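Structure first, commentary second.
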Amino acid sequence: MGKIIGLVSNSRLNQDLVNNDQYLFSNNYIKRLRAQGGTPIGLLPVEGRLEEDVLEMCDAILICGGTNFTPAHLQAAHHAVTHGKPLMGICLGCQTIHRYFNIMDAMAEEGVQEDIWSYYRKMKDAGDPRVVLAKVEGHGKDVYRGKEDEAKHEVFLTPGSRIAELNGGDKLNACTCHKYAAQHVSPRLTVSGRTEDGTVEVLEYGDKVLGVQFHPEMDDKLPQLLRWLCE
Amino acid sequence: MKKKIIGVVAHGIFDSPDEKVLDHCKFNANYSKQIELAGGVPLGLLPVDGYIPEQALALCDGFLICGGTASWPYQLQTACYAITHHKPLMGICLGCQTIHRAFNLLDEMERTGEQTDVWSLFCRLRDAGDPRVVLGRVEGHFHPFVKGKFYEIRHTVYLTPGSRVAALMGTDRLEGCTSHNYCAQQVSPRLTVSGRTEDGTVEVLEYEDWVLGTQFHPELEGRLPQLFEWLCK
């Protein structure tokens with residue numbers, strides 16, 4: 001039996017036509033996870049929140065890329081971290097991991113216990129660099145079928161890091177498709193990969209949390225990363 | 001009591017020509033919302049190469065096949081899985097048409113004793129123009145879903161007195177939002193047509209007390225919660 005991998009997807013909400021309010025699960029993630037023996041299921045938030053019952057069913061969580069950051073992103077990250085389940089974040093998912101650790105750090109420092117999303121909103125409204133992302137140039141490429149290599153850049157990995165071990169080398173080539181990146185990373189996270197311009201590309205925490213700013217799901221060249229989640 | 005896990009089957013695009021990221025499964029937010037309001041838990045079923053892993057189907061207590069514009073193997077797969085495993089199944093719009101086709105296809109397999117993949121059989125009957133899977137064209141039933149204007153796209157569905165849907169609704173007629181160009185033609189003898197519009201269009205299909213298809217869209221307004229409560233009970 002494959003591991004059940006719960007996916008948090010991109011969404012677009014509050015459209016004029018009600019049918020356009022949608023949770024969009026990109027086929028690439030689903031296909032790559034299945035190829036590694038995982039059984040992907042879609043996590044469907046209602047009013048931004050997920051039912052714990054369905055999170056409980058998951059053996060691991062993958063937070064996908066996208067443009068719409070919602071309470072469900074932080075909720076799924078929190079579920080995985082507090083239950084010791086493998087958590088992988090790609091693109092916006094990587095930024096979710098980054099924000100999640102900073103929010104929890106900030107709440108611990110202030111000695112408050114609050115709804116994680118409400119606290120995130122407060123930090124964001126205050127312009128806190130631990131949750132406000134940095135703008136990056138030259139990383140937002142369109143990925144076309146059969147031309148994935150044209151949307152790739154090199155990522156330099158820290159020797160001895162978890163990702164370097166998974167990758168079997170200190171360098172990888174991956175698709176990039178983002179305009180923002182993590183800044184002011186939590187001291188609990190390790191930045192174990194960067195591009196030449198210094199952009200944060202990989203975040204790790206212990207051996208259960210891995211965030212990548214790049215897109216290993218776009219083609220089948222980095223199967224070891226998705227395999228890690230499915231094992 | 002443990003909440004029922006309802007596997008949601010969505011529509012999808014799997015053959016977009018250019019940008020890879022445009023191939024995706026799309027789950028409309030209003031279906032999952034109605035499931036949750038009815039006390040169930042929505043779970044998104046994700047197909048790989050046309051089929052949903054059986055392990056994911058096995059997690060579900062019931063199924064909802066949503067509306068959409070294209071038929072893929074996984075919609076029929078889920079309908080047949082629910083029917084053969086005796087799990088509550090609801091289909092809306094294309095989902096209703098999927099239930100209709102699934103029963104006809106299972107009937108045909110039983111009649112011929114042929115052991116085949118349901119999708120291949122569907123393609124074969126469709127290509128032969130078989131009215132058990134080829135849909136009828138209807139006029140005046142298609143409208144876009146503009147928020148706040150659902151009242152403009154409702155029509156009256158007349159329910160068979162004593163049917164399951166009439167019992168659920170506590171009445172012999174309901175107002176349902178409509179948005180489709182096609183409908184079921186030659187319905188399986190195992191299914192009951194328990195609702196029609198004035199023009200005779202098949203609007204409700206039922207089988208015993210655990211399969212229900214509606215050609216109209218009860219998920220749009222939240223005015224017909226009884227149907228989702230039935231699925232999630």
Side-chain angles (χ1 to χ4, degrees), chain A residues 1-7 9-35 38-47 49-58 65-66 142-148 151 175 177 215 217-219, chain B residues 2-8 10-14 16-37 40-49 51-60 66-68 144-150 177 179 217 219-221:
Chain A
M1 295 287 267
K3 289 268 168 38
I4 305 287
I5 317 291
L7 270 62
S9 76
N10 193 22
S11 58
R12 54 176 183 215
L13 302 167
N14 306 314
Q15 308 286 307
D16 286 339
L17 295 176
V18 70
N19 259 18
N20 289 342
D21 283 1
Q22 294 171 331
Y23 292 90
L24 305 155
F25 291 79
S26 175
N27 196 35
N28 292 323
Y29 297 100
I30 303 167
K31 205 156 97 180
R32 304 289 165 227
L33 289 171
R34 192 64 185 152
T39 297
I41 63 169
L43 299 173
L44 300 173
V46 176
E47 309 297 343
R49 309 281 169 159
L50 292 164
E51 287 272 356
E52 285 292 324
D53 301 49
V54 75
L55 287 169
E56 299 285 345
M57 296 174 114
C58 303
D142 293 327
V143 186
Y144 291 96
R145 202 186 292 279
K147 294 183 181 168
E148 293 84 358
C175 289
C177 195
H215 286 271
E217 84 287 359
M218 287 290 183
D219 61 17
Chain B
K2 200 178 165 295
K3 289 183 179 179
K4 290 282 192 301
I5 304 290
I6 306 299
V8 182
H11 65 127
I13 298 176
F14 305 101
S16 71
D18 292 327
E19 254 188 299
K20 293 197 83 168
V21 290
L22 290 183
D23 278 8
H24 49 221
C25 243
K26 302 175 178 195
F27 291 79
N28 290 350
N30 41 11
Y31 293 101
S32 21
K33 185 173 173 178
Q34 290 303 318
I35 290 171
E36 186 167 279
L37 286 173
V41 178
L43 181 154
L45 293 169
L46 303 173
V48 183
D49 296 331
Y51 291 89
I52 293 160
E54 182 115 353
Q55 193 188 357
L57 294 172
L59 295 174
C60 305
C66 302
F145 293 149
V146 182
K147 274 182 191 163
K149 295 199 173 170
F150 297 139
C177 290
S179 185
H217 286 266
E219 82 286 2
L220 275 189
E221 300 183 275

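The shown structure was predicted, so the numbers you read here are calculated from the model rather than taken from an experiment. Letters A, B, ... mirror the listed sequences (proteins, then strands); counts begin at 1.
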- request: Using a strict cut-off of less than 4.0 Å between a Lys/Arg side-chain nitrogen and an Asp/Glu carboxylate oxygen, indicate whether A:K31 and B:D23 qualify as a salt bridge.
  value: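 Looking at A:K31 and B:D23, the cut-off is not met.
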Please rank [options] by heavy-atom pairs under 4.5 Å with chain B and give me the top one.
options             : answer
A:D53, A:L7, A:L44  : A:L44
A:E47, A:H215, A:M1 : A:M1
A:L50, A:T39, A:N10 : A:T39

field: Under 4.5 Å from any heavy atom of chain A - which part of B:L59
entry: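 For B:L59, the contact with chain A is made by backbone and side chain together.
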field: Residue part contacting chain A, namely of B:I13, when any heavy atom lies under 4.5 Å
entry: neither
statement: Smallest heavy-atom separation, A:P45 atom then B:S32 atom, equals O-OG, 4.5 Å
field: Which atom of B:P42 lies closest to which atom of A:V54, heavy atoms considered
entry: O-CG2, 4.3 Å
Side chains of B:L43 and A:M57 in contact at under 4.5 Å (non-hydrogen atoms):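 With C-beta onward as the side chain, the pair touches.
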query: Does a side-chain heavy-atom distance below 4.5 Å link A:R34 with B:D49?
result: no
- request: Taking atom NZ of B:K26 as the centre, report whether more than 12 heavy atoms of other residues, nucleotides or ligands fall under 6.0 Å from it.
  value: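 Result for NZ/B:K26: enclosed.
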message: Taking every non-hydrogen pair under 4.5 Å, which of B:A10, B:G67, B:P53, B:S179 racks up the most with chain A?
response: B:P53
Residue among B:V48, B:L37, B:L45 with most heavy-atom pairs under 4.5 Å to chain A: B:V48
- prompt: In Å and rounded to the nearest 0.5 Å, what is the CD1 to CD1 distance from B:I52 to A:I41?
  reply: 12.0 Å
CA sep, side-chain torsions, deciding dist, call: A:Q22, B:N28, side chain to side chain contact (heavy atoms under 4.5 Å, CB included): CA-CA 4 Å; A:Q22 294 171 331; B:N28 290 350; 3.0 Å; yes
